[in-house]
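Quick notes on the structure that follows.
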Amino acid sequence: MNIIFLGGPGAGKGTQAENASEKLKIPAISTGVILREEAASGSERGIKAKSYMDSGALVPDEIIIDIIKQRVAKPDCAGGFILDGFPRTVPQAEYLEAAGINIDLVIDIDVSDERIIARMGGRRSCPNCGASYHVDYKPSRDKKSCDVCSTELITRDDDRPEVVLKRLKTYHEQTAPLKQFYVSKGKLKTVIGQEEVADTTRLTFEVINNFKQSGN
Ligand code: AP5
């Protein structure tokens, strides 16, 4: 089963993609995580990407498409995969079609801009493994280091309030049109993002289980 998680910055795509990956036993692929790893490695591509990310803009399609092309060709994707943060423009979605990469289900996590802005201030991220936490909704065990790898948690450069506003603008202009793209293909299901992570997870799995039961 190949699933896309759509939604604004901080809507909870990464959180739900990780949950679904664990339960469905298929990899979750986050283009944001891959780009941050590349930036941390100091590669030319990573440094170029970071300048776009830190300003709240999208990284050029050709860089992202190249990353996805290599990632979904890996053997662990043979039994299905989850895309978190890709596609983010109509040309990226058209690439998937042109490459013959079938998508079964697109889950849009719908959260208001006001709630996203309030949430992002509380996000803490692991600079080593990419795990994401929230000071109120998903704190790490000791509230300061990563549960997975014990690295000290940080606030991402692009979670500064002025960058969050720019990311929201970018989302509405360039990514939100994808909803109509996938509605027209009969693949889009919307989950209204809830205040509690567990409630959003429950609604997300209702969508996935309904899809499976429909015999697709
Ligand atoms: P990326 O890392 O993908 O950023 P994003 O899409 O803005 O999404 P986030 O990771 O910020 O949030 P999320 O929706 O995954 O939410 P999360 O689960 O963490 O991309 C970063 C940048 O890379 C982009 O701006 C762009 O420049 C570039 N990029 C990436 N992909 C690209 C592409 N395809 N094309 C071009 N450029 C690309 O949750 C957020 C917080 O809320 C967490 O603290 C979490 O614990 C908490 N939370 C989650 N769910 C809930 C809930 N239900 N209730 C309360 N809190 C919750």
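Every heavy atom of this structure was used, including side-chain atoms; hydrogens, water molecules and symmetry mates were not. Sequence positions, counted from 1, serve as the residue numbers for this chain. First listed ligand is number 1; within each ligand, the first listed atom is number 1. Quick caveat: nothing in here was measured; it's all calculated off a predicted structure.
For a threshold of 3.5 Å applied to N or O pairs, the pair formed by Ser30 and ligand 1 contains no separation below that value. On a distance-only criterion, Leu58 and ligand 1 share no N/O pair closer than 3.5 Å. No N or O atom of Asp159 sits closer than 3.5 Å to an N or O atom of ligand 1. The shortest N or O to N or O distance between Asp84 and ligand 1 is not under 3.5 Å.
The contact set between ligand 1 and Gly85, taken as ligand atoms under 4.0 Å from a residue heavy atom, comprises 31 (N), 32 (C), 33 (C), 34 (N).
Checked by atom type and distance alone, the side chain of Asn2 pairs as donor or acceptor with a backbone atom of Phe81 at under 3.5 Å.
Contact annotation: for Thr15 versus ligand 1, heavy atoms closer than 4.0 Å belong to both the backbone and the side chain. At a heavy-atom cutoff of 4.0 Å, ligand 1 is contacted by both the backbone and the side chain of His134. Contacts with ligand 1 closer than 4.0 Å are made by side-chain heavy atoms of Leu35 only, the backbone lying farther away. Contacts between Tyr133 and ligand 1, counted as non-hydrogen atom pairs separated by less than 4.0 Å, involve the backbone only. Here Val197 has heavy atoms under 4.0 Å from ligand 1 in both its backbone and its side chain. Of the heavy atoms in Glu196, only backbone atoms (N, CA, C, O) come closer than 4.0 Å to ligand 1. Contact annotation for Met120 and ligand 1: only side-chain heavy atoms (C-beta onward) come within less than 4.0 Å of the ligand.
A salt bridge links Arg167 to Asp159: at least one charged side-chain nitrogen sits closer than 4.0 Å to a carboxylate oxygen. One finds no salt bridge joining Lys50 and Glu38 here, because no Lys/Arg side-chain nitrogen approaches an Asp/Glu carboxylate oxygen to under 4.0 Å. In this structure, Arg71 pairs ionically with Asp76, as a charged nitrogen and a carboxylate oxygen lie closer than 4.0 Å.
Under the 4.5 Å side-chain contact rule for hydrophobic residues, Ile65 and Tyr182 share a cluster.
Cation-pi geometry between Lys189 and Phe211 is not met: the NZ or CZ atom fails to fall both under 6.0 Å from the ring centre and inside 45° of the normal.
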